[in-house]
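For reference, the structure is listed below as structure tokens.
Computed from a predicted model, the values in this text were never measured in an experiment.
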Amino acid sequence: MNKAEIKDKELLEKINSLYEDKMSVFVMANGRVRGALFHGTRFVNQLRAQHNLGILETMVLGQASLCAALVVPMMKDMEHTVIKYETDGPVQGFSVEADSKGTVRGFLYNEHIPVTKPLENWDLSSFLGKGTITFSRVHKDDKYPQSSTVPVDSGNIAKDFALYFQQSEQIQTAFNTSIQFDKQGRVIGAGAMFLQIMPEVGGKKGSGANKSSQGNKEDDDILFERVELAFRNAPSLGQWFSEEGDADDIIYGLFREFNPSVALTRDIKFDCPCNEDGFIDYIKNLPKHELEDIKKNGPNPLEIVCRNCGSKYLIDVNKL
């Protein structure tokens with residue numbers, strides 16, 4: 001990937017004053033609940049720079065990519081997931097990808113979303129519309145991806161990701177994303193969090209928040225309600241991180257009654273494996289008459305843009 005440079009000095013000064021981008025993966029309630037909290041301010045600014053996005057487009061692709069990042073801790077070794085969100089609204093949808101190495105890339109189907117009137121809030125329902133979300137997973141030795149699709153119409157990307165896991169995976173899941181803009185439209189904070197209620201298998205019998213391991217459904221329901229309430233009481237993550245908030249304060253403060261423990265922290269990057277040599281090889285494999293036409297009539301250099309990350313490559317025709 002050709003990394004786009006962020007040239008706004010005031011923005012750079014702001015984001016450099018914040019905690020570094022990190023994902024904290026944690027467990028609580030004696031293993032019955034797992035989750036992750038991602039500080040992604042630099043992550044969202046990088047994807048915006050890569051695709052040269054406006055404010056509304058940054059909000060949509062930023063939320064989608066933050067959600068894709070949260071899928072990374074759910075992956076097994078050498079797994080790659082492609083998430084396609086296709087709707088009948090002006091956004092049309094998006095494609096985002098994530099892999100177990102911690103890299104995310106993606107693009108909007110429509111990078112110039114029409115806006116007919118001033119935005120009064122960040123309700124995206126009129127821009128998203130109804131559609132489907134499809135997860136396609138490929139593991140190391142798979143010949144074909146394993147895909148599953150569910151219909152969506154909430155008008156909320158985080159809720160639609162959660163709906164997918166509830167319907168397709170049968171796992172109670174919640175997603176929360178937040179992007180904070182300043183008055184000039186700069187992204188000064190971004191964050192995302194997910195929680196999943198795990199099946200009873202693997203839970204420990206005993207005291208604490210997890211009485212559900214005794215097989216008591218009523219206790220399970222109480223646990224779920226308490227966890228959900230705490231999750232809903234989370235502050236705006238974008239604002240929290242924009243004000244130099246720390247991820248540990250959220251995890252150990254918001255969920256303290258469930259005895260949370262951070263299992264690991266990891267880097268998540270907006271990145272893409274594309275490079276000039278790869279595109280040159282692709283062009284060389286075009287039909288002979290097309291290749292000859294390019295060599296004869298140009299343009300030279302040939303401009304190639306990676307759809308997945310927005311990287312631009314100027315390729316000298318003589319290299320073909």
Is there a donor-acceptor contact under 3.5 Å from the side chain of K284 to the main chain of L291?
no
Are the side chains of I55 and R48 in touch, meaning some heavy atoms are under 4.5 Å apart?
yes
Are M59 and L119 connected, step by step, through hydrophobic side chains (Ile, Leu, Val, Met, Phe, Trp, Tyr) whose heavy atoms are closer than 4.5 Å?
yes
To the nearest 0.5 Å, what is the distance between NZ (K312) and CD (E303)?
5.5 Å
Show, in sequence, the C-alpha distance, side-chain angles and deciding distance for L70 and F161, and conclude whether the side chain to side chain contact (heavy atoms under 4.5 Å, CB included) test is met.
CA-CA 10 Å; L70 292 175; F161 266 72; over 6 Å; no
Is there side-chain contact between L237 and T177, with heavy atoms separated by less than 4.5 Å?
no
Measuring from T41:OG1 to D21:CG, what's the distance to the nearest 0.5 Å?
5.5 Å
Do S154 and N156 have a side chain donor and acceptor closer than 3.5 Å?
no
Quick one: CZ on F270 to CG on L47, what's the gap to the nearest 0.5 Å?
5.0 Å
Between the side chains of R232 and E228, is the shortest nitrogen-to-carboxylate-oxygen separation below 4.0 Å, so that they form an ion pair?
yes
How would you list, by chain and number, every residue that makes a salt bridge (Lys or Arg N to Asp or Glu O under 4.0 Å) with E276, sequence neighbours excluded?
K319
Run the ring-centre check on F165 versus F135 and record whether the distance is less than 6.0 Å.
yes
Does any non-hydrogen side-chain atom of V138 lie less than 4.5 Å from one of V82?
no
Side chain to side chain contact (heavy atoms under 4.5 Å, CB included), that's the test. Do S100 and K76 meet it? Break it down for me.
CA-CA 7 Å; S100 52; K76 299 178 181 178; over 6 Å; no
Given the rule that I, L, V, M, F, W and Y join up when any side-chain heavy atoms are under 4.5 Å apart, are L163 and L66 in one cluster?
yes
From F231 atom CZ to N176 atom CG, the distance as rounded to the nearest 0.5 Å:
4.5 Å
Check: L229 main-chain N/O paired with N233 side-chain donor or acceptor under 3.5 Å:
yes
Y19 to R42 - nearest heavy-atom pair and separation
O-NH1, 2.8 Å
With distance as the sole criterion, is a donor-acceptor pair present between the side chains of S236 and S178 under 3.5 Å?
yes
When you look at NZ of K101, are more than 12 heavy atoms from neighbouring residues, nucleotides or ligands closer to it than 6.0 Å?
no
Under a 3.5 Å cutoff, is there a donor and acceptor pairing between the side chains of E57 and H51?
no
Salt-bridge contact R105-D271 (side-chain N to carboxylate O under 4.0 Å)
no
Exam field: side chain N275 to backbone G278, donor-acceptor pair closer than 3.5 Å
yes
CZ (R256) with more than 12 external heavy atoms under 6.0 Å:
no
Please determine whether the number of non-hydrogen atoms from other residues, nucleotides or ligands lying under 6.0 Å from atom CD of Q184 exceeds 12.
yes
Between Q170 and Q167 (side chain of the first, backbone of the second, donor and acceptor by atom type, cut-off under 3.5 Å), is there such a pair?
yes
Under 3.5 Å, is there a donor on one side chain and an acceptor on the other for N121 and D123?
no
How far apart are the closest heavy atoms of M1 and C309, and which atoms are they?
CG-SG, 3.6 Å
Can any side-chain N or O of S65 pair as donor or acceptor with the backbone N or O of L61 at less than 3.5 Å?
yes
Quick check: do R32 and F258 have side-chain heavy atoms less than 4.5 Å from each other?
no
Is the number of heavy atoms from other residues, nucleotides or ligands under 6.0 Å of H112 NE2 greater than 12?
no
Does Q172 use its side chain to pair, donor to acceptor, with the backbone of L195 at less than 3.5 Å?
no
Please name the pair of heavy atoms, one in I15 and one in V187, separated by the smallest distance, quoted to 0.1 Å.
CG2-O, 4.3 Å
Any donor-acceptor pair under 3.5 Å from Q166 side chain to T173 backbone:
yes
Answer whether the closest heavy-atom distance between the side chains of E111 and N52 falls below 4.5 Å.
no
Tell me whether V150 shares a hydrophobic cluster with L128, the cluster being built from Ile, Leu, Val, Met, Phe, Trp, Tyr side chains joined at under 4.5 Å.
yes
Verdict with supporting geometry, F181 and T58, side chain to side chain contact (heavy atoms under 4.5 Å, CB included)
CA-CA 10 Å; F181 294 90; T58 299; 4.3 Å; yes
Assert yes or no for the condition that the ring centre distance of F43 to F38 is strictly below 6.0 Å.
yes
CD-CZ distance between E86 and F94, expressed to the nearest 0.5 angstrom
10.5 Å
Donor-acceptor pair, D99 side chain versus G102 backbone, under 3.5 Å?
yes
Taking the side chain from W240 and the backbone from D246, do they hold a donor-acceptor pair closer than 3.5 Å?
yes
Here the pair of heavy atoms bringing V262 nearest to I251 is CG2-CD1, 4.0 Å
Closest non-hydrogen atoms of A247 and L37, given as atom of the first, atom of the second and distance, are O-CD2, 3.5 Å
With heavy-atom distances below 4.5 Å as the criterion, would you say the side chains of F194 and V71 are in contact?
no
If you count every heavy atom of other residues, nucleotides or ligands that lies below 6.0 Å from N297 atom CG, does the total exceed 12?
yes
Between D88 (side chain only) and G129 (backbone N and O only), is there a donor and an acceptor less than 3.5 Å apart?
no
Answer yes or no: does atom NZ of K22 have more than 12 heavy-atom neighbours from other residues, nucleotides or ligands under 6.0 Å?
yes
Tell me, do P151 and D153 make a side-chain contact under 4.5 Å, heavy atoms counted?
no
Between C306 and F279, does the side chain to side chain contact (heavy atoms under 4.5 Å, CB included) criterion hold? Intermediate values first, please.
CA-CA 9 Å; C306 176; F279 282 114; 3.9 Å; yes
Indicate, with yes or no, if F26 and L264 share a hydrophobic cluster defined by side-chain heavy-atom contacts under 4.5 Å among Ile, Leu, Val, Met, Phe, Trp and Tyr.
no
Q50 to N2 - nearest heavy-atom pair and separation:
NE2-O, 3.2 Å
Side-chain donor-acceptor pair under 3.5 Å between R34 and Q196, yes or no?
yes
Report the residues that fulfil salt bridge (Lys or Arg N to Asp or Glu O under 4.0 Å) with E10, sequence neighbours left out, ordered by chain and then residue number.
R186
Quick one: are I294 and L286 in side-chain contact, heavy atoms under 4.5 Å?
yes
Rounding to 0.5 Å, atoms CD (Q63) and CD1 (I157) come to a distance of 5.0 Å
Quick check: is Y164 connected to M74 through a chain of hydrophobic side chains (ILVMFWY, heavy atoms under 4.5 Å apart)?
yes
